[in-house]
Amino acid sequence: MVLSRRHLTLAGLSAPFLAAAPAIAQAGWRPTQAVRLVIPFAPGTAMDPVARFVQNHIQETLGVPLVIENRPGAATVVAGTDVLRAPADGHTMFMIANSFAANVTLRAQRTATWPREFSPLVQATFVPHVLTVAKGIGDDFKSFMDYAKTPGCEITYGSPGVGTSLHLGAEQFSRLAGIKSVHAAYNGTAQLILDITAGRVQFMFANLPDVVQPVREGQMRALAVAAEKRSREFPDVPTVGELGFPQVLSDSWFGIVVRSETPDPAKAVLERAWIAALTNADIRARLEALGYDVPAKPSAEFAALIQKYIQVYAGVIKDANISVD
């Protein structure tokens, strides 16, 4: 349940909040009102479980309510702009995904300055993508590549939208593998998965949890996992690195940022609160049950990861001449 804005004063806090307050004060910064967590997508998307599962733990650590606000629109630009207008005082956080890195190039007029205007706090979750193909396209990676490189062959790959991490990962793979492919953009993944199973689209890079069941039921085949190690769900499926394509960057991650001008003591307290929640055994188990990996990477590691994705995505977008309206 989302806490409403009417519960904003310390005077109305419950005992667990007040008990946690001294520890926060000793850390050098203490929130004086509810802390907002702005989510750039509509309720019910993949970000919501991450926010909801950590909500109670974080608000008990901080000693104030954590108010979750969904602000969809303009491929996260609406939410990011809202956060940049809020005071840089530690009371507003922004949950981001790979789109943050892609938008720096895709929507440069509106977001090119965001890497300077936001400071990373923590990478919360990670979901690898799986190269999945329609039945009859290939029983393994080699036969798929043989099919895709047949003279005159031009195959279609699908994604849930232009500029998504699934689109950019598949486009990067196609170029590295020397495959002539055509992109089919969908509004979400449900219809795309149906079209893969029907053979109307030949391949896609998919969020691993989305294809576990159809792969196990034999409706499509999983040929590679875009991760450093094999997945728990598909232990017999090799990684893209094992197959000779370690450069492929195709996954979905969520993380937390704040305005860069936020005081360092506030950043430190918020970062510790997130890491404590994400490393909580119960919270981690609940997220992993939904298919998330939970790296809980601290700010320095998350900052390096964002820069890596910005650079890789910029190259893919420019090489493929990808643009958005």
Side-chain angles (χ1 to χ4, degrees), residues 36-42 45-47 69-126 129 159-173 175-176 183 185 205 247-264 266-267 270-271 297-325:
R36 299 168 62 211
L37 175 61
V38 179
I39 294 178
F41 302 114
T45 59
M47 277 189 176
E69 296 183 11
N70 294 87
R71 298 276 304 202
T76 78
V77 173
V78 168
T81 301
D82 174 71
V83 173
L84 288 173
R85 289 173 179 161
D89 58 5
H91 292 95
T92 303
M93 298 182 289
F94 182 27
M95 185 176 283
I96 65 169
N98 306 59
S99 52
F100 182 94
N103 281 345
V104 172
T105 301
L106 274 178
R107 297 173 175 83
Q109 288 187 334
R110 305 183 70 178
T111 65
T113 59
W114 281 18
R116 298 193 302 273
E117 294 178 296
F118 288 104
S119 290
L121 291 184
V122 62
Q123 180 193 356
T125 60
F126 165 84
H129 292 171
S159 85
V162 175
T164 60
S165 59
L166 297 142
H167 172 207
L168 298 179
E171 182 63 39
Q172 183 196 29
F173 166 76
R175 291 176 172 272
L176 289 170
H183 177 222
F205 273 73
Q247 311 98 311
V248 171
L249 199 65
S250 195
D251 52 51
S252 298
W253 48 257
F254 299 149
I256 309 300
V257 298
V258 293
R259 286 188 56 186
S260 294
E261 297 91 341
T262 302
D264 288 342
K267 292 177 185 175
L270 295 172
E271 179 182 346
K297 289 186 178 180
S299 56
E301 293 182 44
F302 188 31
L305 179 139
I306 292 172
Q307 286 302 315
K308 175 182 178 180
Y309 279 72
I310 289 173
Q311 293 172 7
V312 171
Y313 284 165
V316 175
I317 291 165
K318 292 173 181 176
D319 288 348
N321 196 27
I322 298 169
S323 63
V324 293
D325 296 333

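As the structure is a computational prediction, the values presented were derived from the model and not from experiment. Worth knowing before you read on, the calculation uses all heavy atoms, side chains too, and leaves out hydrogens, waters and symmetry mates.
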First locate atom CZ of Phe94, then atom CD of Glu117, and finally report the distance between them rounded to the nearest 0.5 Å.
11.5 Å

Using a strict cut-off of less than 4.0 Å between a Lys/Arg side-chain nitrogen and an Asp/Glu carboxylate oxygen, indicate whether Arg259 and Glu261 qualify as a salt bridge.
yes

Would you check if there is a donor-acceptor pair between the side chains of Lys267 and Ser119 at a distance under 3.5 Å?
yes

Quick one: does any side-chain atom of Ser260 pair with a main-chain N or O of Phe118 as donor and acceptor, under 3.5 Å?
yes

Does some side-chain heavy atom of Glu301 sit less than 4.5 Å from a side-chain heavy atom of Leu305?
no

Do Trp114 and Val83 have side chains that approach each other closer than 4.5 Å (heavy atoms only, starting at C-beta)?
no

Please report the closest heavy-atom contact between His167 and Val162, naming both atoms and the distance.
ND1-CA, 3.5 Å

Quick one: does Pro120's side chain get under 4.5 Å of Lys297's, heavy atoms only?
no

Would you give the length of the straight line joining atom OG1 of Thr76 to atom CE of Met95, rounded to the nearest 0.5 angstrom?
13.5 Å

Measure the spacing between CG of Leu270 and OG of Ser299 and express it to the nearest 0.5 Å.
11.5 Å

Given 3.5 Å as the limit, does a donor-acceptor pair link the side chain of Asn70 with the main chain of Ile39, or not?
no

Positive for side chain to side chain contact (heavy atoms under 4.5 Å, CB included) with Leu168, one of Val316, Val312, Asn98
Val316

Kindly give the heavy-atom pair with the smallest separation between Ala46 and Phe254, and that separation in Å.
O-CE1, 3.4 Å

Of all heavy-atom pairs linking Ala42 and Pro72, the shortest is N-CB, 3.6 Å

Interatomic spacing from CE in Met93 to OG1 in Thr262 - rounded to 0.5 Å
10.5 Å

Mind checking whether Asp251 and Phe205 have side chains closer than 4.5 Å, heavy atoms only?
no

What do the steps show when you test Ile322 against His183 for side-chain contact (heavy atoms from CB on, under 4.5 Å), and what is the final call?
CA-CA 11 Å; Ile322 298 169; His183 177 222; over 6 Å; no

I need the Ile96 CD1 to Ile256 CD1 distance, nearest 0.5 Å.
8.0 Å

For Thr92 and Ala86 the tightest heavy-atom approach is OG1-CB, 3.6 Å

Restricting to non-hydrogen atoms, name the atom on Ala185 and the atom on Gly161 that form the minimum distance, rounded to 0.1 Å.
CB-CA, 4.4 Å

So, does Gln247 use its side chain to make a donor-acceptor pair with the main chain of Gln172 at under 3.5 Å?
no

Mind checking whether Phe41 and Ser99 have side chains closer than 4.5 Å, heavy atoms only?
yes

Measure across Ile317 and Ala102 and return the closest heavy-atom pair with its distance rounded to 0.1 Å.
CD1-O, 3.8 Å

In Å, rounded to the nearest 0.5 Å, how long is the span from CG of Asn103 to OH of Tyr313?
11.0 Å

